[in-house]
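Below is one structure, written out as structure tokens; comments come after it.
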Amino acid sequence: MADPFKITGPTCISFSGGRTSAYMLRRLLMAYGGELPADCHVVFANTGKEDEATLRFVRDCEELWRVPIVWVEYRPGRAWVRVDFTTASRKGEPFEALIRERNYLPNPVARFCTVELKILRIADYMHSLGHDEFDVLVGLRADEFRRLARLRADPSGGTRGIERRAPLADLGVTRRDVAEFWRHNDWDLALPNMDGTTMHGNCDLCFLKPAAQVASLIAERPERAVWWARMEHSITNPKITNGGTFRSDRPTYAQMLAFTQAQADAFGHAADGAEDGIACFCGD
Ligand code: SF4
């Protein structure tokens with residue numbers, strides 16, 4: 001097998017701000033003596049709904065590993081801007097702008113948020129450097145079967161000129177390897193690591209997270225539900241009869257907020273304690 005970390009042309013490391021993609025970055029840095037090859041760029045696409053700890057973690061990786069990380073954000077009109085730790089949105093502004101522009105909400109079938117807020121904005125940055133064709137390295141592990149199957153079935157992800165690769169998966173890296181690395185590192189992402197899963201990662205109450213997880217996150221900090229409930233309440237598209245919800249198979253965020261305030265974790269167990277999250281690009 002060819003070296004999965006071998007970089008032969010313009011390459012983008014898709015950095016989600018989670019432990020796995022940071023571990024991938026670390027392995028790449030080690031493979032190249034601490035400095036990435038020319039035309040290899042680390043890009044973090046901020047949705048504005050990430051936990052503050054994630055933003056601090058991205059900054060720490062940047063500073064402590066001395067590797068430039070480009071922070072990008074969506075802006076209306078399918079545009080993008082470059083931000084940094086200080087100027088990054090923290091109140092869901094890029095995500096809300098996208099919803100306003102579409103006037104409907106993303107859902108498990110139409111996951112346009114991951115495409116518009118992340119995949120295309122990362123591509124925008126590479127295009128701005130003059131690259132129409134480039135590889136994207138994604139932090140996927142060998143034990144993320146569904147996400148891996150999706151990536152291997154469609155390496156371009158529907159975006160012309162892109163070939164996505166998952167070097168950690170190619171090397172057989174599992175969540176145990178990633179957890180082991182962070183256990184021995186002297187700093188870490190300041191979000192709970194639950195058996196290799198960071199349930200607080202990505203957008204805080206992402207509609208692809210299992211309902212029990214969302215309920216638990218709301219119970220932990222009820223204010224997390226406010227933005228999501230406001231988005232659901234605000235869709236005025238006349239073609240959408242139910243007013244717009246992120247999920248048609250679950251209570252609304254406002255209802256979940258009311259339930260969790262009334263009976264803490266009872267909802268989570270009653271709802272679907274065994275439900276898996278839905279695989280998407282956003283990743284760990
Ligand atoms: S984490 Fe979830 S809500 Fe956020 S961009 Fe990805 S799919 Fe959309």
Side-chain angles (χ1 to χ4, degrees), residues 14-22 43-55 57-58 71-76 78 80 83 88-125 136 138-140 144 146-147 150-151 154 157-159 164 189 191 197-218 224-232 234-235 244-250 252-253 256 275-284:
S14 173
F15 191 74
S16 72
R19 290 185 175 91
T20 301
S21 63
V43 186
F44 167 65
N46 180 43
T47 67
K49 287 302 295 167
E50 305 278 353
D51 196 289
E52 182 68 21
T54 296
L55 304 186
F57 183 64
V58 178
W71 298 46
V72 297
E73 282 184 6
Y74 169 87
R75 288 293 181 271
R78 300 197 170 184
W80 65 286
V83 296
S89 299
R90 286 162 165 85
K91 294 179 183 163
E93 300 92 326
F95 203 158
E96 180 167 356
L98 174 63
I99 290 170
R100 297 279 162 260
E101 192 171 66
R102 295 281 185 111
N103 202 16
Y104 69 98
L105 298 171
N107 56 65
V109 177
R111 301 175 207 173
F112 62 82
C113 47
T114 192
V115 175
E116 292 285 354
L117 299 176
K118 297 194 173 217
I119 296 174
L120 293 180
R121 303 308 55 101
I122 287 172
D124 282 342
Y125 177 70
V136 177
V138 181
L140 268 183
E144 295 184 272
R146 283 184 300 169
R147 294 181 66 213
R150 284 166 60 101
L151 179 134
D154 179 19
T159 307
R164 295 180 298 167
L189 171 62
L191 292 174
T197 300
T198 307
M199 81 171 193
H200 297 70
N202 291 315
C203 297
D204 54 3
L205 299 186
C206 170
F207 53 89
L208 301 179
K209 292 180 181 179
Q213 203 175 95
V214 172
S216 161
L217 289 163
I218 295 173
R224 284 191 176 118
V226 172
W227 184 90
W228 298 87
R230 185 164 63 78
M231 292 304 109
E232 289 191 320
S234 66
I235 296 299
T245 55
F246 289 97
R247 298 279 299 235
S248 58
D249 57 346
R250 294 182 178 168
T252 65
Y253 282 88
M256 285 196 271
E275 181 195 4
D276 282 336
I278 297 175
C280 78
F281 170 84
C282 297
D284 182 5

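As the structure lists them, so they are numbered: ligands from 1, and atoms in each ligand from 1. Note that this is a predicted model, so its numbers are computed, not measured.
The aromatic ring centres of Phe44 and Phe57 sit 6.0 Å or more apart.
Within ligand 1, the atoms closer than 4.0 Å to a non-hydrogen atom of Leu208 are 7 (S), numbered from 1 in the order shown. Ligand-side atoms of ligand 1 in range of Asn202: 1 (S), range being under 4.0 angstrom from any heavy atom. Each of the atoms 3 (S) of ligand 1 lies under 4.0 Å from some heavy atom of Phe95. Near Cys203, with a cut-off below 4.0 Å to any heavy atom, the atoms of ligand 1 are 1 (S), 3 (S), 4 (Fe), 5 (S).
In this structure, Thr114 and Arg111 approach most closely via the heavy-atom pair CG2-O, 3.2 Å. When all heavy atoms are compared, the tightest approach of Arg250 to Val214 is NH1-CG2, 4.1 Å.
The nearest N, O or S atom of Cys206 is not closer to atom 8 (Fe) of ligand 1 than 2.8 Å.
Checking Ser21 against Ser16 by side-chain atom types alone, a donor-acceptor pair falls below 3.5 Å.
Taking a 4.0 Å cut-off on heavy atoms, Phe207 registers as neighbouring ligand 1.
Contact annotation: the side chain of Thr245 never approaches that of Asn107 to less than 4.5 Å [non-hydrogen atoms, C-beta and beyond].
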